[in-house]
Amino acid sequence: MPFESNYDFKASEAKWRAFWEKEELYKFNPQGSGEVFSVDTPPPYVSAAHLHVGHAMSYTQAEFVVRYARMSGKRIFYPMGFDDNGLPTERFVEKKYNINKNKITKKEFVELCIKETEEGGKTYRALFDALGISVDWSLLYTTIGAHAQKIAQRSFIDLFQKGLVKRKEEPTAWCPFCQTALAQADLDDKNQETFLNYINFEWEDGMPALIATTRPELIPACVALYVNGNDPRYKKYVGTKARMPLFDYEVPVKADDKVSIEFGTGLMMVCTWGDSEDVERWKDDKLETRAVFTKDGRLNELAGVYKGLKIKEAREKIVADLDAQARVVKREPLKNVCNVHERCGVPSEFIQTPQWFITITDKKEEWARRGEELAWFPQFMKTKYDDWVRGLKWDWCISRQRYFGVPFPVWYCRACGAVVLPEDAQLPVDPASDVLEGLKCACGSTDLKGEQDVMDTWMTSSLTPLINAHWKDGADTNLMDAIYPMSLRIQAFEIIRTWLFYTVVKSHYHTNSLPWKTVMISGWGLDTKGKKMSKSEGNFVEAEKVIEQYSADALRYWSAGANLGQNLRYSEEEVQVGKRTLTKLWNASKLCYEHLKAYAPSACAYETLMPVDRWVLYRLQETVKAYHGGFAEYEYARAKDALEKFFWHDLCDNYLEIVKQRLYADNPYNAEEQNAARWTLYTVWNGVIKLYAPFMPFVTEEIYQGYFAAHEGVKSVHVARLPEGQAEWANIAAAEDFERAIAVINAVRKYKTDLKVSIKKELAQLVVESPVLLDAHYQTIAGVMHIKEIFSGKGTVEAGGGIKVSFIE
RNA sequence: GGGCAGUUAGCUCAGUUGGUUAGAGCAUCUCGUUUACACCGAGAAGGCCAUAGGUUCGAAUCCUAUACUGCCCACCA
């Protein structure tokens, strides 16, 4: 028998997880009828291996929306991916195994990465399942898997054929620690404290030329001095030469209005790429090239005796040597910003190497227009996208000098240098090891060298909609018409500039469309003090443990506690409230079941309902309206609030208490009135369970299966339809009429509470004075409040709504 | 330096287009075993809605500054 014991969430959650999997409840049906709702959900880095409650929050918030769509009758395409290729995994493996890249082969290293990736995937799947995330696991993709590799390589070839990806040798952001080229989006700003060094160079006439620099180690890379053309101090030197200290060579003195007269000494050292400004001047003014940094962050032979020193060491040594020559006039502490690689925190440098770039900087207006076309929830998140697009400086560098990634499908002809591409049918390929039969250059040569680099991890993850849709995969698997552009992209805000932006770029180039119609951006779940959770800070609350202790439904309840896009602090108290909600749902269901187990639902005319029934239906109608209104704007929290008020207050505290008298045996009501009670109870109970289902999928399933599934002939609450309400329920006059009866009931409750007596203690007489006659409700009021006799007359105690009552014991 | 959020009861958060005495839950206090539930019910207390101006008959809500908190963006060598 259902509803006999207490609700055992552990047993229940395990049972329904298995049931959903066995029934393939969340499996996408490509043939069915009805609108498709396709969701592009973030493939987590498997290297993270643990979900904290913040991760759980953002995945869950998105999942409310998916479950809502499913229960609105849409055909859900909800895949999951694992983003396993690329630097995050490499860094994870390097740290875990304390790897020295010189002592391990590329093959061994990649094998370790794949092993860790598989482990991580298992952990993640277990956690998502535990949370009740309703993805279709048959749609799982991994960014290092053959399918994603194929799509990524196909994307590259398509861009190459359209002339949108080019190999260029130019100064590119470089991480000396990870030893790879980087894209603009891979860089973070870091505030640092450094010194502004005032150092005397020499004018042609032998007079001291005082420059100010934060990077004296770049003196051997200096290729010009710049002044503002309007600076009276230096006007006469423009066009002359100046002499370097220590390195003893001359550089030209040039004028540029962008040089600040106020900063430092107004005399600026321009080097072979200390920063992007140097790069600009180098390009614009065709300056000499004196690249002094090596790929591993040291100085080369141009630095003479400083050769081989690390950048920071060289900086100190050069200042010391200059000081010994009395050339350092002063050192001022200075706070400035430098770019660091977001994966390792090491300052990036500019190094000139051949790299592949996707053209993006010349299309800022198109990116902005795509941003306009996209529906943003919440709207203010769009600003972050616009900021990023406006600030684009460089084309997207997609080649990485790393190991664990998708290879470029590229060979180079040793005879003529041309790029040679494989046929689409041959993809995926690995030119670093594969030899393709029959592949030859247009010049006829078969002497080809495979590209060794791998692609940026975003090069693959920016294709998730196309990976999901099996773009250009042939008629059998192609889902482009069915799911693309996708209905919804879900993600958190910190990857707008990367994942979101790059995906827009790719879809624009490949399909001349948006990748999705709508984007929903979640905030972060923070610790109780409002700080970001991290292992090193020790404020990491593991989702797994919370689920273990309080249930997945309870954790999900907390996630629904803040509006979309807002950060939410973790609160164990809120999780406990969620847990209590489960219990309350269970207990209320127990009562409903007791009175409805023998009930065969059939039609019941609205006219036959009693006032309290009409009142609760009106409240249900209002709740359903608010609920759908909330979800329409992705404001699941608003939907949850409305539902919670209805369930706890209207249904449990009032309706159930009042309707009981008509349900127990030996009651004074007639058959029609009793039937009205059962029909109404069935309707509101059913509605509440369904409305809660997107938030608390486990307990609602347990209840639904215990009673409704058989009646409705539906195999799970999660594929049932949400209540829409009925026009005749929106009877505000009926609702207001019964509100007056509730006011009287509340007055009696308060009276008994104040007297410190039980509700059950019988009251002899109640006198009701109301502007509207309430005698139709007297029986109901007397029944629920245990009053012997009620009559109309003069009241003394305000009950609200112009009603007064008097009590006679 | 520019921008986006947030700042409402001790705590976590609502407050939809400005409209009667500002809401909920938790925590606190007082009561109450009502045949679903004490993981409950009734009630009480608790807020100059960050600060200062302004618009309005009327502002938590609109405008302008300011202060914190978080984040995004920015080449000042």
Side-chain angles (χ1 to χ4, degrees), chain A residues 3 6-7 188-189 196-197 211-215 218 226 258-260 262-271 274-281 334 336-339 378 380-391 393 493-494 496-497 523-524 526 528-532 558 561-563 565-574 576-595 626 629-630 633 635 637-638 640-642 644-645 648-649 652-653 656-657 660 663-665 746 748-761 784-786:
Chain A
F3 306 107
N6 290 333
Y7 179 60
D188 272 345
D189 290 343
L196 186 58
N197 302 280
I211 63 110
T213 180
T214 54
R215 305 201 59 185
L218 277 166
Y226 272 76
K258 279 191 233 153
V259 174
S260 161
E262 286 78 33
F263 188 90
T265 61
L267 181 58
M268 175 183 173
M269 172 174 94
V270 171
C271 308
D275 56 31
S276 61
E277 203 180 0
D278 284 351
V279 175
E280 295 304 310
R281 291 215 168 74
L334 180 78
N336 73 352
V337 176
C338 78
N339 284 322
F380 67 78
M381 289 292 184
K382 178 173 177 288
T383 310
K384 292 182 200 290
Y385 175 88
D386 291 336
D387 276 356
W388 182 252
V389 166
R390 209 175 301 123
K393 281 184 301 190
F493 60 86
E494 82 280 9
I496 288 174
R497 72 179 194 191
W524 274 344
L526 305 172
T528 51
K529 298 190 182 81
K531 288 251 178 292
K532 193 179 169 181
W558 163 73
N563 283 333
Q566 302 298 338
N567 294 337
L568 177 64
R569 294 178 183 202
Y570 178 66
S571 154
E572 191 163 342
E573 290 76 19
E574 272 303 298
Q576 287 167 349
V577 173
K579 179 83 194 322
R580 276 199 282 273
T581 304
L582 301 192
T583 308
K584 188 82 175 171
L585 269 170
W586 183 254
N587 287 327
S589 295
K590 213 150 97 180
L591 174 73
C592 295
Y593 180 77
E594 188 185 326
H595 296 292
E633 291 166 41
E635 294 292 358
R638 231 156 68 200
K640 190 205 86 169
D641 277 354
E644 202 170 11
K645 280 199 180 76
W648 214 285
H649 269 100
C652 291
D653 294 347
L656 293 182
E657 292 300 332
K660 272 182 199 171
L663 295 167
Y664 285 118
N746 286 339
V748 181
R749 266 202 198 120
K750 186 166 171 11
Y751 172 76
K752 292 192 178 182
T753 297
D754 289 348
L755 276 186
K756 304 184 179 179
V757 299
S758 153
I759 297 293
K760 228 182 154 184
K761 170 124 196 276
V784 70
M785 280 293 106
H786 303 94

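Order of the sequence lines fixes the chain letters, A, B, ..., with proteins taken first and strands second; residue numbering starts at 1 for each chain.
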Next on the checklist: Nearest heavy atom decides the nucleotide; on that basis, is C592(A) or S571(A) closer to the 5' end of RNA chain B?
Outcome noted: S571(A)
Item to check | Comparing A562(A) and K750(A) on RNA chain B - which has the more 5′ nearest nucleotide | outcome: A562(A)
Applying a 4.0 Å non-hydrogen cut-off, can you work out what [X] is touching in the nucleic acid: base, sugar-phosphate, or nothing?
X: F493(A); value: sugar-phosphate
X: V279(A); value: nothing
X: H595(A); value: nothing
X: D278(A); value: nothing
X: F380(A); value: sugar-phosphate
X: G264(A); value: nothing
X: W388(A); value: sugar-phosphate
X: L196(A); value: nothing
X: V259(A); value: base
X: C271(A); value: nothing

Item to check | Flag if over 12 foreign heavy atoms under 6.0 Å of NZ, K532(A) | outcome: no
Next on the checklist: Can you tell me if K393(A) has over 12 outside heavy atoms packed within less than 6.0 Å of its NZ?
Outcome noted: yes
Can you find a side chain N or O atom of [X] that sits less than 4.0 Å from OP1 or OP2 on [N]?
X: K393(A); N: C75(B); answer: yes
X: R497(A); N: C73(B); answer: yes
X: N746(A); N: A42(B); answer: no
X: R580(A); N: C40(B); answer: yes
X: T213(A); N: A77(B); answer: no
X: K584(A); N: G41(B); answer: yes
X: N563(A); N: G15(B); answer: yes

[options]: which one has an atom nearest the side-chain heavy atoms of [X]?
X: V577(A); options: C71(B), A77(B), C26(B); value: C26(B)
X: S758(A); options: G3(B), G32(B), A74(B); value: G32(B)
X: K760(A); options: C13(B), G2(B), U34(B); value: U34(B)
X: K531(A); options: C71(B), A77(B), G70(B); value: G70(B)
X: E574(A); options: G25(B), A74(B), C72(B); value: G25(B)
X: T753(A); options: A42(B), A77(B), C73(B); value: A42(B)
X: R569(A); options: A42(B), C13(B), C31(B); value: C13(B)
X: D641(A); options: U34(B), C13(B), A14(B); value: A14(B)
X: W648(A); options: G70(B), C26(B), G41(B); value: G41(B)
X: D275(A); options: C75(B), U12(B), A14(B); value: C75(B)

When the distance from [atom1] of [X] to [atom2] of [N] is rounded to whole Å, what number comes out?
X: M381(A); N: A5(B); atom1: CE; atom2: P; result: 10 Å
X: H786(A); N: U33(B); atom1: NE2; atom2: P; result: 13 Å
X: K258(A); N: C76(B); atom1: NZ; atom2: P; result: 14 Å
X: Q566(A); N: U69(B); atom1: CD; atom2: P; result: 19 Å
X: N6(A); N: C40(B); atom1: CG; atom2: C1'; result: 13 Å
X: D653(A); N: A38(B); atom1: CG; atom2: C1'; result: 14 Å
X: K660(A); N: U34(B); atom1: NZ; atom2: P; result: 11 Å
X: N567(A); N: A14(B); atom1: CG; atom2: C1'; result: 17 Å

Pairwise [atom1] distance, [M] and [N] [rounded to whole Å]:
N: A9(B); M: A60(B); atom1: C1'; value: 14 Å
N: G3(B); M: A77(B); atom1: C1'; value: 25 Å
N: C68(B); M: C31(B); atom1: P; value: 47 Å
N: G18(B); M: G41(B); atom1: C1'; value: 37 Å
N: U66(B); M: C4(B); atom1: P; value: 13 Å
N: G25(B); M: A14(B); atom1: C1'; value: 10 Å
N: C63(B); M: U7(B); atom1: P; value: 15 Å
N: G47(B); M: A22(B); atom1: C1'; value: 8 Å

Is the shortest distance from a Lys or Arg side-chain nitrogen in [X] or [Y] to a carboxylate oxygen in the other one below 4.0 Å?
X: D641(A); Y: K645(A); value: no
X: D386(A); Y: K382(A); value: yes
X: K384(A); Y: D387(A); value: no
X: K258(A); Y: E277(A); value: no

Checklist outcome for this item: Annotated structure of RNA chain B as dot-bracket, pair cut-off 3.5 Å, Watson-Crick or G-U only, | for inter-strand, is ((((((((.[[[[.)...(...]]]].(((((.......))))).....[[[[[..)....]]]]])))))))....
Checklist entry - Closest heavy-atom contact between F493(A) and N567(A)? => result CE2-OD1, 3.8 Å
Do [X] side-chain atoms and [Y] backbone N/O form a donor-acceptor pair below 3.5 Å?
X: R281(A); Y: V270(A); result: no
X: W558(A); Y: R569(A); result: yes
X: K752(A); Y: M785(A); result: yes

Item to check | Donor-acceptor pair (no angle test) under 3.5 Å: E494(A) side chain, C4(B) base | outcome: no
Next on the checklist: Between the base of C75(B) and the side chain of S276(A), is there a donor and acceptor pair under 3.5 angstrom?
Outcome noted: no
Checklist entry - Taking C-beta and beyond as the side chain, do L568(A) and L526(A) meet within less than 4.5 Å on heavy atoms? => result no
Checklist entry - Taking it one step at a time, do E594(A) and F3(A) satisfy side-chain contact (heavy atoms from CB on, under 4.5 Å)? => result CA-CA 9 Å; E594(A) 188 185 326; F3(A) 306 107; over 6 Å; no
